[in-house]
Asks: 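Submitted below is the structure of interest, expressed as structure tokens.
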Amino acid sequence: MLDIQLLRSQLDSVAARLADRGVVLDTTRFQALEAQRKELQIRTQDLQTRRNALSRQIGSLKAKGEDPAPVLAEVAGLGDALKAAEADLDALLATMNEFAAGIPNLPHESVPRGRAADDNVELRRWGTPRVFDFPVRDHVDLGAGLAGGLDFEAGARIAGARFTVMRGAVARLHRALGQFMLDVHTREHGYTEIYAPYLVNAESLFGTGQLPKFEEDLFRVPRARDGGGEGAAAPLYLIPTAEVPVTNLVRGEILAREALPLKFVCHTPCFRSEAGSYGKDTRGMIRQHQFDKVELVRIEHPDSAWAALEELTRHAETILERLELPYRRVVLCTGDMGFSAAKTYDLEVWLPAQHTYREISSCSCFDAFQARRMQARFRGERGKPELVHTLNGSGLAVGRTLVAVLENGQRADGAVVVPQALRGYMGGMEVIEPGS
RNA sequence: GGAUGGGUGGCAGAGUGGUCGAUUGCACCGGUCUUGAAAACCGGCAGUCCUUCGCGGGGCUCGUGGGUUCGAAUCCCACCCCAUCCGCCA
């Protein structure tokens, strides 16, 4: 959420910066609402002031044993007008909140302007894509050959499209990847491991910005009470990313300054409905309803947040380098960023079968945008609460990393070479043999 | 699922209809003292919103939402959450 004061004082420049994102801010509407608000709020508060003063008078008159009847009569006349004004103000403030809650974050100055993914800017490359002297197979073919290690038919039968079953060495490789990432981030990068709920409430999703605008991307779990019917409890949602439960760890908190920064790492499954991506990445496990991800989350002092984004992104890149997977870093342009982000780096891994780089991590700084929605603060230098800054990044998406390891490590015979870094997690296994 | 107790400022913990947005302690900040620190003493210290150039003035908030009342942290209703015990259970 943007600072409402900023909207009031610099509406035009806010609108201009949002325009870079391809978002049209209805400034006329905002100004109309704001004018109404001002008038209504002053009127309401004035009525409340009078009511309070008269009530206090009644109290002191009674204490002195005098007759409060005249004052009582006076205050009675206030009642209806006050109730009406309060109701109107509440409704108006709710409308304005809704308006403000739907506005995405402002891009940081360093973000390149652009309309869509084509305008993203590549910043660096690491590693050299391998040259194959045999026809490259994609992970679907490779996985099927590894004793049905990747089974999309079974996934579809059990749950539906975009679900996968892994078996044997491939399942183990998947587990190894998660363990490896967790170990590097906790042991070498100083993150605290978190285990968190996979179902969260609507407030948490509002805090990180998935709600109210993107409910259709989520899996919603209704809850019946007392056998259903009236008074059903609020629904829960399956997490689309560990960002949601982990960032919300500080929702509503006022942290001590010394407590910052908080660095968390959390390995969870992620659930996304993928509404609106029909026909996209339908083959293989690039785009699934359920996938594992190791997420890095940081709660930072505003002064350190931008340096933290660079550091966090490096932490994610470290995983790719240890796995010897060629990748590139891209900075998303204004038009391609997510709702809550002020700046985002995407890491894209080389997939030989697609002969292209594909997103495997997304690292973002949200400045105070999420913190304001969550009311996550710390006690600042002046002793007053200030909003923290939040960041997160995938370190990495485990499913896609598995795809990258399979495709990049394949041999002509359909075997897959296990990266050095993972062998300890694979019981020393160096190669996953076809049919094994 | 049943029973009981409870949700108050960063923390602990008072407060059961009228200057209570709230006693007190701890923590924190400033000062006196001290070579410095500690201790002691003095002072300050919830959040948020509106208004104002500023000084200041005002509103709202005691889990959440309703209600009663001129007036609610205090009374009533509903809900949420926490603790403990019982039942069930991986």
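In what follows, every chain begins at residue 1, and chains take the letters A, B, ... in the order their sequences are listed.
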Asks: Remember a base hit wins even if backbone is also touched, and classify A:P385 as base, sugar-phosphate or nothing at under 4.0 Å, heavy atoms.
Replies: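 Touches sugar-phosphate only.
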Asks: Nearest to the side chain of A:K62, which nucleotide is it out of B:rC60, B:rG18, B:rC49?
Replies: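 Nearest to the side chain of A:K62 among the choices is B:rG18.
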Asks: Could you give the CG-to-P distance, from A:L92 to B:rC49, as a whole number of Å?
Replies: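 My rounded result for the distance is 17 Å.
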Asks: Among the candidates B:rU52, B:rC60, B:rC70, find the nucleotide nearest to the side-chain atoms of A:L72.
Replies: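 Looking only at side-chain atoms, A:L72 lies closest to B:rC70.
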Asks: Across all strands shown, which nucleotide pairs with B:rU23 by Watson-Crick or G-U wobble geometry, both distances under 3.5 Å?
Replies: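 Partner of B:rU23: none found under 3.5 Å.
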Asks: So which nucleotide does B:rG5 pair with, by the Watson-Crick or G-U wobble rule with both distances under 3.5 Å?
Replies: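 B:rC82 is the nucleotide pairing with B:rG5.
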Asks: Report, one pair per line, the protein and nucleotides 8-11 of chain B atoms (nitrogen or oxygen only) whose separation is under 3.5 Å.
Replies:
none

Asks: Check whether any side-chain N or O of A:R37 sits under 4.0 Å from OP1 or OP2 of B:rU51, and answer yes or no.
Replies: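 For B:rU51, OP1 or OP2 has a side-chain N or O of A:R37 closer than 4.0 Å.
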Asks: For the side chain of A:I42, counting heavy atoms from C-beta on, which of B:rC70, B:rG59, B:rU51 is nearest?
Replies: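 Looking only at side-chain atoms, A:I42 lies closest to B:rU51.
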Asks: According to the Watson-Crick and G-U wobble definitions, with both distances under 3.5 Å, which nucleotide is paired to B:rA46?
Replies: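 Across all strands, the one nucleotide that pairs with B:rA46 is B:rU61.
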Asks: Apply ring-ring contact (aromatic ring centres under 6.0 Å, His included) to the pair A:H267 and A:Y195, showing each step before the final yes or no.
Replies: CA-CA 7 Å; A:H267 176 195; A:Y195 174 85; over 10 Å; no
Asks: With a cut-off of less than 4.0 Å, is there a side-chain N or O of A:N52 near OP1 or OP2 of B:rG59?
Replies: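 Answer is yes, contact under 4.0 Å.
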Asks: Taking pairing as Watson-Crick or G-U wobble with both contacts under 3.5 Å, can you name the mate of B:rA40, or confirm there isn't one?
Replies: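 Here B:rA40 is engaged in a pair, and the nucleotide opposite it is B:rU32.
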Asks: Roughly how many Å is it from CZ in A:R372 to C1' in B:rU48, rounded to a whole number?
Replies: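 Checked: the CZ to C1' distance equals 14 Å.
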Asks: Would one find a side-chain N or O of A:K384 under 4.0 angstrom from OP1 or OP2 of B:rU48?
Replies: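 False: A:K384 side-chain N/O out of range (4.0 Å or more) of B:rU48 OP1/OP2.
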Asks: With respect to the phosphate group of B:rG59, does any side-chain polar atom (N or O) of A:R43 fall under 4.0 Å of OP1 or OP2?
Replies: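 Checking B:rG59 against A:R43, no side-chain N or O comes under 4.0 Å of OP1 or OP2.
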Asks: Can you identify which nucleotide, out of B:rG18, B:rG59, B:rG47, has its nearest atom closest to the A:Q45 side chain?
Replies: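 Minimum distance to the A:Q45 side chain belongs to B:rG59.
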Asks: Now, which nucleotide makes the Watson-Crick or G-U wobble pair with B:rA72, with each of the two distances under 3.5 Å?
Replies: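 Base-paired to nothing in any strand shown.
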Asks: Measure the acute angle between the ring planes of A:H189 and A:Y191, then classify it against the limits of 30° and 60° as parallel, tilted or perpendicular.
Replies: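 The arrangement is perpendicular - the two ring planes meet at more than 60°.
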